[in-house]
Amino acid sequence: MAVPSDALTQVAPQTGDEQPPVDETRIVSRWGIVLQRFRRRKLAMFGLVVLVLLFVLAFLGPYVGQWSYTDHDFNAFLQGPSVDHWFGTTQTGGDVYALTLRGMQKSLIIGLLVAMFSTGMAALVGSFAGYMGGWVDRALMWFVDLLLVLPAFLIIAILSPTFRGKTWLVFVILLAAFLWMVTARIVRGMTISLREREYVMAARYMGVPAHRIIFRHIIPNISSLLIVDATINVSAAVISETGLSYFGFGVQPPDVSLGTLIADGTQSATTYPWLFGFAAGLLVAIVLAVNLVGDGLRDALDPKLKR
């Protein structure tokens, strides 16, 4: 049966009424929203800029100076800041500028590695304990409680002389071993609430192994907490390393860190302030910048935060 042409005209869609195609480039992802909220916080952006400048100074600054941290100028003992020695010299003729940047390099690297290891350990232990439950949860939480009651500073001070003269990565492991327990308990509590969500239960009923559910569903959903925790752990690790090195339990000579420089310059802080002031000032700048970035990330990742 033939259909009239005017009926075809009525059935045919009107091109003028068609909906425009969705511009997928304008859809902002979750991390895009987080970045936008982070950029609105002036203190957080200030801390990020300062932190980037400190990294640039620590790792590119030594190439600008004319002295290495192992060099000694025997014509300049305890000399103040000058054209030849920008931060002055030590009592043995060492260049304080080169020594300070070397110490800042070591402190920053130790802080980043300790934060990465401790946050990763907290994520693994907390998520497996919260998801598996039963005897796995009890065993892991018993281990966490045991480490929480141990005096971390005293244990590291006792074990540190055993590893003296060996790689400083052992010191990183010792620091990381006592910074993850509180975060692990928080991760466990969040995992207990997440394991009852629909997508987790659906994956469980489909026969997905527990470790895949943890790495694909649990940990990605608590990534905001882990990012903030890692940021805060950087400053905590730098302070811990500085304190241990100050008392001689951290980085050992001939290498230096901000803690060893502060310890060497403490007794002459009033008479030769450049031996103490530059290292202490950079330490304060690092901790302050990291804390500002951590506060900004916490606010940007918090969906309940109001403007």
Side-chain angles (χ1 to χ4, degrees), residues 27-56 58-59 107-131 140 144 147 172-173 175-195 197 199-200 211-241 285-307:
I27 299 177
V28 183
S29 64
R30 175 176 180 265
W31 292 109
I33 296 175
V34 170
L35 180 60
Q36 291 178 2
R37 298 180 66 177
F38 180 81
R39 292 174 61 182
R40 296 194 194 107
R41 283 149 180 81
K42 296 181 180 180
L43 286 177
M45 290 300 299
F46 173 76
L48 181 61
V49 171
V50 172
L51 191 60
V52 170
L53 292 177
L54 289 173
F55 268 94
V56 172
F59 292 96
S107 296
L108 288 173
I109 292 174
I110 290 175
L112 289 175
L113 290 178
V114 170
M116 182 177 64
F117 291 154
S118 61
T119 303
M121 189 70 175
L124 290 176
V125 174
S127 59
F128 272 91
Y131 183 81
L140 290 177
V144 169
L147 291 180
V172 171
I173 296 174
L175 281 177
F178 293 97
L179 280 180
W180 59 272
M181 291 83 70
V182 175
T183 306
R185 281 199 159 276
I186 299 175
V187 171
R188 172 183 174 270
M190 298 180 67
T191 303
I192 292 175
S193 64
L194 288 174
R195 71 182 180 184
R197 298 290 178 88
Y199 55 89
V200 177
H211 67 277
R212 289 191 178 181
I213 295 177
I214 291 174
F215 285 109
R216 289 185 179 180
H217 299 292
I218 301 298
I219 293 181
N221 278 279
I222 59 175
S223 58
S224 58
L225 167 71
L226 298 177
I227 291 173
V228 174
D229 179 73
T231 306
I232 297 174
N233 279 342
V234 172
S235 60
V238 170
I239 294 176
S240 299
E241 179 275 326
I286 291 172
V287 175
L288 180 61
V290 170
N291 287 339
L292 289 176
V293 172
D295 290 341
L297 284 174
R298 180 199 60 199
D299 296 341
L301 290 167
D302 186 0
K304 298 180 181 179
L305 185 69
K306 298 180 180 180
R307 292 185 180 181

Self-check item: L48: which of L53, V290, V293 passes side chain to side chain contact (heavy atoms under 4.5 Å, CB included)
Solution: V293
Shortest non-hydrogen separation from [X] to [Y] and the atoms involved:
{"X": "A123", "Y": "L226", "value": "CB-CD1, 3.8 Å"}
{"X": "A285", "Y": "V50", "value": "O-CG1, 4.5 Å"}
{"X": "F128", "Y": "H211", "value": "CZ-CB, 4.2 Å"}
{"X": "A44", "Y": "G296", "value": "CB-CA, 3.6 Å"}
{"X": "A129", "Y": "R188", "value": "CB-CD, 4.3 Å"}
{"X": "A176", "Y": "F117", "value": "CB-CB, 3.8 Å"}

Any sub-3.5 Å donor-acceptor pair from [X]'s side-chain atoms to [Y]'s backbone N or O?
{"X": "T183", "Y": "W180", "result": "no"}
{"X": "R298", "Y": "V228", "result": "no"}
{"X": "R41", "Y": "R37", "result": "yes"}

For the [atom1] atom of [X] and the [atom2] atom of [Y], what is their distance to the nearest 0.5 Å?
{"X": "I213", "Y": "S127", "atom1": "CD1", "atom2": "OG", "answer": "12.0 Å"}
{"X": "I218", "Y": "L194", "atom1": "CD1", "atom2": "CG", "answer": "5.0 Å"}
{"X": "L51", "Y": "L288", "atom1": "CG", "atom2": "CG", "answer": "10.5 Å"}
{"X": "I214", "Y": "T191", "atom1": "CD1", "atom2": "OG1", "answer": "7.5 Å"}
{"X": "F59", "Y": "I109", "atom1": "CZ", "atom2": "CD1", "answer": "4.0 Å"}
{"X": "E241", "Y": "I110", "atom1": "CD", "atom2": "CD1", "answer": "4.5 Å"}

Exercise. Kindly check if the number of other-residue, nucleotide or ligand heavy atoms within 6.0 Å of CZ (F46) is above 12?
Key: no
Practice problem: Output all residues satisfying side chain to side chain contact (heavy atoms under 4.5 Å, CB included) with N291, sequence neighbours left out; order by chain, then residue number. | Solution: S235, V287
Quiz item: Parallel, tilted or perpendicular: which describes the rings of H217 and Y199, with under 30° parallel and over 60° perpendicular?
Solution: tilted
Self-check item: Pair V125-V144, side-chain contact (heavy atoms from CB on, under 4.5 Å): steps then yes or no
Solution: CA-CA 9 Å; V125 174; V144 169; 4.2 Å; yes
Exercise. Output every pair passing side chain to side chain donor-acceptor pair (under 3.5 Å) with a member in residues 111-122, not counting sequence neighbours, ordered by first then second residue.
Key: S118-N233, T119-D229, T119-N233
